[in-house]
Visitor: 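Here it is: the structure, laid out below.
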Amino acid sequence: MSDTLHRLAAVLEQRKAAAADSSYVASLHAKGLNKILEKVGEECTETLLAAKDCANRADKSELIYETADLWFHSLVMLSHLGLGPDDILNELERRFDLSGLAEKASRQQ
Ligand SMILES: N=c1c2ncn([C@@H]3O[C@H](COP(=O)(O)OP(=O)(O)OP(=O)(O)O)[C@@H](O)[C@H]3O)c2ncn1[C@@H]1O[C@H](COP(=O)(O)O)[C@@H](O)[C@H]1O
């Protein structure tokens, strides 16, 4: 499944060299980091609202759609800053078998 993230990340890298009027991703890079962060913030809020809306409904499609927008814009942010999905996946790998409670306790010592 993470292959999808890698395929998307490869497209995002290509779009760094594209004309802003030919590509949404290129237009975000051209507008700069603040615009990209604004979009991540917007998509984050839309995801939270969708999660609240979907909580008592069988149909979770709105939450899936908004989370996809959030992941996509987060990948654009990472790409803009020279990072990619592997940087995040490696960090999650590193955390395997490390209980969240144990990790929190280690920070509070
Ligand atoms: N996965 C996505 C993807 N998800 C969401 N979006 C776009 O993200 C935008 C979401 O913004 P909003 O919902 O806020 O809508 P909006 O009001 O139009 O946005 P703004 O005017 O506020 O910027 C929409 O334009 C969506 O089409 C995406 N655009 C592109 N991709 C992928 O990126 C690839 C490259 O896209 P281009 O750079 O456009 O060629 C595509 O082939 C896709 O694989």
Side-chain angles (χ1 to χ4, degrees):
M1 207 39 167
S2 69
D3 193 45
T4 304
L5 293 180
H6 291 116
R7 285 175 53 216
L8 178 54
V11 174
L12 298 187
E13 286 310 304
Q14 288 168 3
R15 292 300 194 266
K16 282 181 173 175
D21 61 359
S22 71
S23 149
Y24 175 69
V25 174
S27 76
L28 285 178
H29 287 303
K31 286 172 187 165
L33 181 62
N34 284 354
K35 179 65 186 179
I36 294 169
L37 298 182
E38 185 185 302
K39 293 302 297 179
V40 173
E42 267 177 43
E43 301 304 345
C44 191
T45 302
E46 286 168 16
T47 299
L48 299 183
L49 293 174
K52 288 290 279 182
D53 278 353
C54 288
N56 297 316
R57 268 199 247 134
D59 180 3
K60 303 281 196 277
S61 54
E62 186 191 343
L63 178 57
I64 292 167
Y65 186 92
E66 295 299 347
T67 303
D69 273 357
L70 177 59
W71 285 24
F72 165 72
H73 285 89
S74 297
L75 285 170
V76 174
M77 174 190 70
L78 292 172
S79 166
H80 193 81
L81 296 172
L83 298 173
D86 280 341
D87 296 290
I88 313 307
L89 293 171
N90 288 343
E91 174 61 16
L92 290 173
E93 278 289 334
R94 188 189 67 78
R95 296 181 192 183
F96 264 114
D97 299 327
L98 176 62
S99 148
L101 293 177
E103 185 278 331
K104 186 168 183 171
S106 75
R107 278 190 281 121
Q108 288 168 341
Q109 280 168 4

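Just follow the structure's listing: the first ligand is 1, and inside any ligand the first atom is 1.
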Visitor: Walk me through it: do Glu62 and Leu49 pass the test side chain to side chain contact (heavy atoms under 4.5 Å, CB included)?
Guide: CA-CA 10 Å; Glu62 186 191 343; Leu49 293 174; 5.9 Å; no

Visitor: Which protein residues have a heavy atom closer than 4.0 Å to any atom of ligand 1, listed by chain and number?
Guide: Leu8, Val11, Arg15, Ser23, Tyr24, Val25, Lys39, Glu42, Glu43, Asp69, Phe72, His73

Visitor: Mind checking what makes ring pair (Phe, Tyr, Trp, His ring centres under 6.0 Å) contact with Tyr24, not counting sequence neighbours?
Guide: His73

Visitor: Using the test salt bridge (charged side-chain N to carboxylate O under 4.0 Å, His left out), find all partners of Glu103 that sit at least two apart in sequence or belong to another chain.
Guide: Arg107

Visitor: What heavy-atom pair brings Asp59 and Cys54 nearest, and what distance separates the two atoms?
Guide: O-SG, 3.8 Å

Visitor: Identify, with sequence neighbours excluded, every residue that meets side chain to side chain contact (heavy atoms under 4.5 Å, CB included) alongside Ser106.
Guide: none

Visitor: When you group the ILVMFWY residues by side-chain heavy-atom contacts below 4.5 Å and let the links chain together, are Leu75 and Leu37 in the same group?
Guide: yes

